[in-house]
Amino acid sequence: ISMPYICGEMANGIATTDMVVEIGRTGMLGFFGAAGLALDRIEKSLADLETRCRDFSWGSNLIHSPHDSALEEKTAELYLRHRVTRVSASAFMAVRPSIVRYAYSGVRQNPDGSIERRNHVFAKLSRPEVAKQFMSPAPEAMVRRLVEQGLLTQAEAALAAHLAVAEDITVEADSGGHTDNRPLVALLPAVLSTREEVLSQYRYPRPVRVGAAGGVGTPSAVAAAFSLGAAYVLTGSINQSARESGLSEEGKKMVAQAGLADVMMAPAGDMFEMGVKVQVLKRGTLFGVRGAKLYDLYSRYESLEQIPATVMASLEKDIFQRPIEDVWAETRQYFLAAKPEEVTRALKESKHRMALVFRWYLGLSSRWAIQGDPGRRFDYQIWCGPAMGAFNQWVAGSFLDDIANRGVSQIALNLMHGATSVARAQQLRAFGVDVQQSAYHFRPREFALPDTRAGAHA
């Protein structure tokens, strides 16, 4: 890897295999957006990446599934079977057996006494206390249970006591999708301080790197992240408008028009009942407002039957676009195949049935945005942070203004070269040179890319 830059793992395959291949060929790292995809789709994508990424590094996403630990464990198993050596672990609120097993599988000691690990975890998180868990060796009891289950060897377990679960920590500030809305300038120093505390205790033979994500959409933001002490940067929202993105063409046009304030918080489909929210695009879509309405109704009523008839008629017409019973029938059929216990619970608890029906809309809205469903244009759920608006403002009037030119490699190279230019200007100013303000405003330019990129395919 030639540059400390990562193209992040936008869920539901928005971070496509093409995106991972393109950024890898340019000397940077990309993670495939496996979250939300079925296991067979993930496996096909891994096979594709194994074939196309033989000469450079790549990775995939392992997202914490609080309501489906089996899926989380099966995904980890899939990565081990396909020998995926880099995984971005996201949405974890604590170290879990799935990621511990992945992290320490294949660990071995060399003849010179050094420890070599096969798998590398990039833990994406937004809380210092969670960072501390990933920077530390895994809990002994958890490792011991994995040995008892035959998922780790005794030798691997012994070496695990000398290694952090993750040697790369991605600090995620205010970002698209799941976010704590923390500013990077407050969060990153806190996690860096936590790292120093952990390293003073364990004194690992290798460094623990801390990178920055969230709000990284301009050269100045990248330069600021590095000046704060970040070892690398990871971008997310801005890559949705790239030509390799899995978002529909209409969705790309929508995010390419977003401004700094064109985002809002809306209910999360995967953690709806818990009241968890995600940051989404507000401009050009009614998803955020409609999602908030559904959560308000869920909070006020105990069942679908309690919702006033006039309100229900409005839901059926504007949001569901079909009778509520049809929505339940489709939802019931889905969960009978995927998680039948959810249907059993819904038949006993009316409020849970209401939650599942509302999650039908929340779950499908992101897929409508990916598929470009014209009939659902105003219901697109597009995860988006303020970095998108900052990026659009920066590239306005340049060749990157046209989404046809927004390749992930061109975006990355412009951000990194621009950050270098900004940092150099600041260094000169620090030495007393009278630097003009224009030196801090790097204009996008088209960079030459490796000829081998022509071999990429869908």
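Lys282 and Asp262 are not joined by a salt bridge, as no carboxylate oxygen comes within less than 4.0 angstrom of a charged side-chain nitrogen. Remark: Arg96 does not engage Glu73 in a salt bridge, criterion side-chain N to carboxylate O under 4.0 Å. Salt bridge Lys252/Glu249: present, at least one basic N to carboxylate O contact under 4.0 Å. Taking a cutoff of 4.0 Å between a charged side-chain nitrogen and a carboxylate oxygen, Glu77 and Lys74 do not qualify as a salt bridge. With respect to the salt-bridge test (charged N to carboxylate O, under 4.0 angstrom), the residues Arg376 and Asp373 do not qualify.
Residues passing the ring pair (Phe, Tyr, Trp, His ring centres under 6.0 Å) test with Phe287 are Tyr361, sequence neighbours excluded. In this structure, the side-chain hydrogen bond (donor to acceptor under 3.5 Å, both in side chains) partners of His64, at least two apart in sequence or on a different chain, are Glu72. Checked against side-chain hydrogen bond (donor to acceptor under 3.5 Å, both in side chains), Ser227 has no partners two or more places apart in sequence or in another chain. Residues satisfying the side-chain contact (heavy atoms from CB on, under 4.5 Å) criterion with Asp174, sequence neighbours excluded, are Thr179, Asn181, Gln279, Pro386. With sequence neighbours left out, Ser45 forms a side-chain contact (heavy atoms from CB on, under 4.5 Å) with Thr17, Phe32, Arg41. The ring pair (Phe, Tyr, Trp, His ring centres under 6.0 Å) test applied to Phe447 returns His417, not counting sequence neighbours. Residues meeting the side-chain hydrogen bond (donor to acceptor under 3.5 Å, both in side chains) test with Glu50, sequence neighbours left out: His82. Annotation: side-chain hydrogen bond (donor to acceptor under 3.5 Å, both in side chains) contacts of Thr26 (sequence neighbours excluded): Ser409. Listed by chain and number, the residues in a side-chain contact (heavy atoms from CB on, under 4.5 Å) with Asn239 are Tyr5, Cys7, Met10, Met19, Thr235, Val408, Ile411 (sequence neighbours excluded). Scored by the ring pair (Phe, Tyr, Trp, His ring centres under 6.0 Å) test, Phe358 finds no partners at all (sequence neighbours excluded). Residues forming a side-chain contact (heavy atoms from CB on, under 4.5 Å) with Asp112 (at least two apart in sequence, or on another chain): Asn110, Ser114.
Neither side chain, Ser126 nor Glu172, offers a donor N or O lying under 3.5 Å from an acceptor on the other. In summary, the side chains of Glu273 and Tyr298 do not present any donor paired with an acceptor at a separation below 3.5 Å, with no hydrogens or angles considered. With 3.5 Å as the limit, one finds no donor-acceptor pair spanning the side chains of Tyr380 and Ser365. Side-chain atoms of Tyr232 and Thr170 form a donor-acceptor pair, as typed in the model, at a separation below 3.5 Å.
Taking a 6.0 Å sphere around NZ of Lys339, one finds it holds more than 12 heavy atoms contributed by other residues, nucleotides or ligands. Heavy-atom contacts from other residues, nucleotides or ligands closer than 6.0 Å to CZ of Arg203 number 12 or fewer.
With Arg290 contributing its side chain and Asp379 its backbone, the two residues share no donor-acceptor pair below 3.5 Å. Checking side-chain atoms of Arg118 against main-chain N and O of Arg108 turns up no donor-acceptor pair under 3.5 Å.
From Ile23, atom CD1 reaches atom CG of Leu29 across 9.0 Å, with rounding to the nearest 0.5 Å. To the nearest 0.5 angstrom, Asp402 atom CG is 4.5 Å from Asn405 atom CG.
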Exercise. Kindly determine whether Ser90 and Asn61 satisfy side chain to side chain donor-acceptor pair (under 3.5 Å), including the steps that lead there.
Key: CA-CA 7 Å; Ser90 59; Asn61 177 225; 3.0 Å; yes
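Listed by first and then second residue, the salt bridge (charged side-chain N to carboxylate O under 4.0 Å, His left out) pairs involving residues 178-200 are Arg127-Asp180 (not counting sequence neighbours).
A ring pair (Phe, Tyr, Trp, His ring centres under 6.0 Å) with Phe122 holds for exactly one of Tyr102, Phe31, Phe92, Phe134; it is Phe31.
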